[in-house]
Structure formats: structure tokens, C-alpha cells
Amino acid sequence: MLDLFIVMVTERTFVAIKPDGVQRGLVGEILGRFERKGFKLVALKQLTPSRALAEEHYGVHRERPFFAGLVDFITSGPVVAMVWEGEGVIASARKLIGGTKPLDAEPGTIRGDLAINIGRNVIHGSDGLETAQFEINLWFEVDELNIWTESDHHWRVEA
Ligand code: UDP
Ligand code: MG
């Protein structure tokens with residue numbers, strides 16, 4: 001008989017701590033917020049993105065006046081790239097991150113608490129399901145994504 005393994009993959013999103021967040025020593029602070037919320041870390045690595053990677057990642061902004069500066073900035077040093085998993089994680093991560101302009105980001109959010117300038121807003125998070133899939137595939141190989149279950153999983157989600 002054929003054994004069928006059905007892996008339930010819940011929602012995943014791509015999050016990156018930008019070079020300003022790494023340089024300012026905010027990696028632990030930011031990781032902690034996602035951990036404490038209850039999401040599961042399935043991939044994590046530090047890298048200085050190539051220009052090609054940065055341009056593809058921010059491809060939707062290619063025609064915008066800030067594009068060249070944004071690519072210069074994001075390739076200027078190490079970034080901490082992550083994949084987080086959990087119920088509603090895409091929208092929830094955006095809420096944890098806060099508005100793009102730190103002035104509009106509510107206190108309590110990452111940008112609201114830790115940033116003052118739109119061009120140095122510390123963190124990136126995918127803005128929807130398709131973007132999340134695109135960005136995870138862009139930044140990670142399949143074998144870098146860890147399938148595991150938290151020991152306290154049933155304390156995070158019902159049934
Ligand atoms: N950005 C910028 N100037 C602008 C708008 C955006 O430097 O006027 C940068 C900013 O770092 C932002 C990124 O471009 O995080 C991507 O912009 P987007 O509108 O996608 O914001 P996000 O999804 O990061 O909130
Ligand atoms: Mg965006």
C-alpha cells in the first residue's frame with residue numbers, strides 16, 4: 001500500500017531585518033517580538049544581498065524615485081532574512097511591523113518603537129500571499145525551510 005504523507009503547511013511569510021536594524025543591534029529585539037507573538041521560525045540566515053537579489057525583491061518599485069537609493073541601502077550590509085509560519089502570519093507580521101512611514105506606525109509596532117525615517121525603517125515583511133510565496137522562493141532554497149513542530153504547539157493553537 002502506498003503511504004501518503006500529507007504535510008499541512010500553514011501560512012508563511014518572508015521577513016527581513018534591513019541593514020539599519022542589524023547595524024543598530026536590533027536583531028534580538030525584533031526576533032523576540034515574533035517569537036513572543038507565537039509564530040514559528042522556519043528559516044533564518046544572514047547575508048549581504050546582491051544587487052540582482054535586491055532589484056528583484058523590490059521589483060514592483062523599479063520606477064519609483066527612491067528605488068536606486070533603496071537598493072543601495074539594502075545591499076550596503078548584512079540583512080537577517082527569515083521565514084515565519086503560523087495562522088494569519090502574513091497580515092499579522094505587517095501589524096507587528098507597523099506602517100511604512102515610522103511617523104504613521106503606531107507605538108507598540110516595530111517601526112513605531114524603533115524607527116524614525118522611512119528610508120531606515122528597520123524591517124521588511126511580505127504584503128500578501130503571492131508576495132510571500134515569491135519572496136520566500138527568491139531568498140531561500142527549499143531545503144533551508146525547516147518543517148518542525150513546537151513542543152508547546154497545542155498551547156498556541158486550538159486542536
Ligand atoms: N521607501 C522609501 N521611500 C518611500 C517609500 C518607500 O525609502 O517614499 C522604502 C521603505 O524602506 C519601504 C520600502 O521602500 O519599506 C518598500 O516600500 P513599500 O511601500 O513596499 O513599504 P513596506 O511594504 O516596506 O511597508
Ligand atoms: Mg512592500
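Computed over heavy atoms, backbone and side chain alike; hydrogens, waters and symmetry mates excluded. Indexing begins at 1, ligand by ligand and atom by atom, following the structure's order.
No side-chain donor-acceptor contact under 3.5 Å links Asp113 to the backbone of Pro107. At least one donor-acceptor pair closer than 3.5 Å links the side chain of Arg94 to the backbone N or O of Gly125.
Within ligand 1, the atoms closer than 4.0 Å to a non-hydrogen atom of Gly119 are 7 (O), numbered from 1 in the order shown. Within ligand 1, counting atoms from 1 as listed, the ones closer than 4.0 Å to a heavy atom of Arg94 are 22 (P), 23 (O), 25 (O). Residue-ligand proximity, Asn121 to ligand 1, at heavy-atom distances under 4.0 Å covers atoms 10 (C), 11 (O), 12 (C), 15 (O).
Not a single heavy atom of Lys101 sits under 4.0 Å from any atom of ligand 1. Lys18 counts as a contact of ligand 1, since one of its heavy atoms falls under 4.0 Å from the ligand. At least one heavy atom of Ile118 lies less than 4.0 angstrom from ligand 1. Residue His57 places every heavy atom at 4.0 Å or more from ligand 1.
Of the polar atoms of Tyr58, none of the N or O atoms is found under 3.5 Å from an N or O of ligand 1, judged by distance alone.
For the pair Lys45 and Phe140, the cation-pi test (distance below 6.0 Å, angle within 45°) is passed.
Across all non-hydrogen atoms, the minimal contact from Thr100 to Asn121 is O-ND2, 3.1 Å. Nearest heavy-atom pair across Ala43 and Glu144 is CB-O, 3.4 Å.
With hydrogens left out, the protein atom closest to atom 18 (P) of ligand 1 is His61 NE2, 3.5 Å, a heavy atom. What sits closest to atom 8 (O) of ligand 1 on the protein, heavy atoms only, is Phe66 CD2, 3.6 Å. Nearest protein neighbour of atom 25 (O) of ligand 1, counting heavy atoms only, is Thr100 OG1, 2.5 Å. For atom 9 (C) of ligand 1, the nearest protein heavy atom (residue, atom name, distance) is Leu70 CD1, 3.9 Å. From the protein, the heavy atom lying nearest to atom 24 (O) of ligand 1 is Arg111 NH2, 3.0 Å.
The same ILVMFWY cluster, assembled from side-chain heavy atoms under 4.5 Å apart, contains both Leu138 and Val42. The hydrophobic cluster containing Ile30 also contains Leu96, counting ILVMFWY residues as joined when their side-chain heavy atoms lie under 4.5 angstrom apart, directly or transitively. In the hydrophobic clustering of this structure, Phe14 does not group with Val89; members are Ile, Leu, Val, Met, Phe, Trp, Tyr whose side-chain heavy atoms approach within less than 4.5 Å, directly or through other members. Using a 4.5 Å cut-off between side-chain heavy atoms of Ile, Leu, Val, Met, Phe, Trp and Tyr, with links allowed through other members, Ile90 and Ile110 fall into the same hydrophobic cluster.
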